[in-house]
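Quick notes on the structure that follows.
Whatever order the structure lists them in is the order used to number ligands and atoms, beginning at 1. Here, residue 1 is the first one in the sequence, and each next residue gets the next number.
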Amino acid sequence: MAARNISRFWEWGRKIICVGRNYADHAKELKNAIPTEPVLFLKPPSAYVREGSPILVPLYSSNLHHEVELGVVIGKGGTAIPQSAAMEHVAGYALCLDMTARDIQDECKSKGLPWTLAKAFNTSCPVSDFIPKERIPDPGNVKLWLKVNDQLRQSGCTSQMIFSVPYLISYISDFISLEEGDLILTGTPKGVSAVQEHDELQAGIDDIVSMNFKVERPDH
Ligand SMILES: O=C([O-])CC(=O)C(=O)O
Ligand SMILES: [Mg+2]
């Protein structure tokens with residue numbers, strides 16, 4: 001069997017841990033309180049989609065939102081990782097979208113139910129090429145942007161994160177052991193909005209990486 005290559009981590013079938021409300025301006029735009037501890041949820045590896053394949057609107061949603069996020073790819077697993085050692089566990093980064101069925105999430109929130117169908121459906125995690133760690137010397141200071149049909153919708157800097165990458169790695173690994181090939185989505189800045197069938201999404205991290213996705217309706 002060919003050796004597994006971390007630069008194709010999305011093929012490994014490892015978990016995707018997502019952080020919510022990690023930017024005050026996004027928490028406010030959805031009228032959520034600023035969290036005092038990270039808000040966590042999961043996506044399954046079947047959520048991954050790569051450039052060249054479309055983002056599919058779930059049949060049960062009529063309000064699919066984009067959320068552009070910095071993804072952190074874990075290179076070395078661990079449990080209860082101290083913040084001071086957290087960066088040793090990072091192999092690199094990826095630009096990610098946390099596609100969200102906002103109407104379903106609102107319904108789940110009002111009923112006190114989990115967000116699974118709002119966040120974890122097929123193609124809910126578009127992911128860029130792998131970015132080796134050296135290309136982002138400070139994950140706490142990169143600009144994220146997203147355009148829909150050439151119109152800028154999201155533009156933020158990871159310096160606005162409430163909880164830093166080392167803090168998140170340490171916090172998550174206290175409760176959920178991290179494994180090589182796991183991905184952490186670090187939350188989205190403000191500007192989330194709805195996308196429709198046939199829309200073209202373009203997103204990037206500074207001039208380090210960019211990616212394009214089309215939105216389609218599934219035919220089943
Ligand atoms: O759905 C939400 O607003 C929570 C979330 O994923 C984020 O803040 O990135
Ligand atoms: Mg998100």
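- Against a heavy-atom cut-off of under 4.0 Å, His26 is close to the following atoms of ligand 1: 2 (C), 3 (O), 7 (C), 8 (O).
- Proximity of Leu201 to His66: side-chain heavy atoms (C-beta onward) are separated by under 4.5 Å at one or more points.
- Checking each of Ile34, Ile162, Leu144 against Tyr23 for a side-chain contact (heavy atoms from CB on, under 4.5 Å) leaves exactly one that passes, namely Leu144.
- Close N/O approach between Thr100 and ligand 1 is not found [any backbone or side-chain N/O within under 3.5 Å].
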May I have the step-by-step check of side-chain hydrogen bond (donor to acceptor under 3.5 Å, both in side chains) for Arg102 and Asn63, ending in yes or no?
CA-CA 6 Å; Arg102 195 69 71 197; Asn63 193 16; over 6 Å; no
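- In this comparison of Gly20, Ala118, Pro189, the heavy atom closest to atom 4 (C) of ligand 1 sits on Gly20.
- The protein heavy atom nearest to atom 2 (C) of ligand 1 is Glu67 OE2, 3.5 Å.
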Between Ile6 and Trp12, does a side chain to side chain contact (heavy atoms under 4.5 Å, CB included) hold up when you go through it step by step? CA-CA 8 Å; Ile6 193 75; Trp12 291 26; 3.8 Å; yes
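- Shortest distance from the Mg ion (ligand 2) to Asp98 is reached at OD2 (N/O/S atoms only).
- Using a 4.0 Å cut-off between a side-chain N of Lys or Arg and a carboxylate O of Asp or Glu, Glu179 and Lys15 qualify as a salt bridge.
- Looking only at atom types and distance, the side chain of Ser193 has no donor-acceptor partner in the side chain of His65 under 3.5 Å away.
- For Glu67, the N, O or S atom with the smallest separation from the Mg ion (ligand 2) is OE1.
- Shortest distance from the Mg ion (ligand 2) to Glu69 is reached at OE2 (N/O/S atoms only).
- A donor atom on one side chain and an acceptor atom on the other are found under 3.5 Å apart for Gln154 and Thr188.
- A salt bridge is absent between Arg14 and Asp182; no separation between the charged side-chain nitrogens and carboxylate oxygens falls under 4.0 Å.
- Considering only heavy atoms from C-beta on, Asp103 comes within 4.5 Å of Ser62 through its side chain.
- Look at Val39 and you'll find every heavy atom at least 4.0 Å from all atoms of ligand 1.
- Scanning the protein for heavy atoms near atom 8 (O) of ligand 1, the closest one is Arg21 N, 2.7 Å.
- Between the side chain of Thr100 and the main chain of Asp98, a donor-acceptor pair closer than 3.5 Å is present.
- Counting heavy atoms under 4.0 Å from ligand 1, residue Leu30 touches it through the side chain alone.
- Close N/O approach between Asp98 and ligand 1 is found [any backbone or side-chain N/O within under 3.5 Å].
- Applying the 4.0 Å criterion to heavy atoms of Glu69 picks out, from ligand 1, the atoms 9 (O).
- Near Arg102, meaning under 4.0 Å from any of its heavy atoms, are these atoms of ligand 1: 1 (O), 2 (C), 3 (O).
- Contact atoms of ligand 1 toward Gln105: 1 (O), 2 (C) (distance under 4.0 Å to a heavy atom of the residue).
- Close contacts between ligand 1 and Gly187 involve ligand atoms 9 (O) [criterion: under 4.0 Å to a heavy atom].
- At least one heavy atom of Lys119 lies less than 4.0 angstrom from ligand 1.
- Here Lys119 pairs with Glu67 in a salt bridge; the nearest charged N to carboxylate O distance falls below 4.0 Å.
- Using a 4.0 angstrom heavy-atom cutoff, Phe41 counts as in contact with ligand 1.
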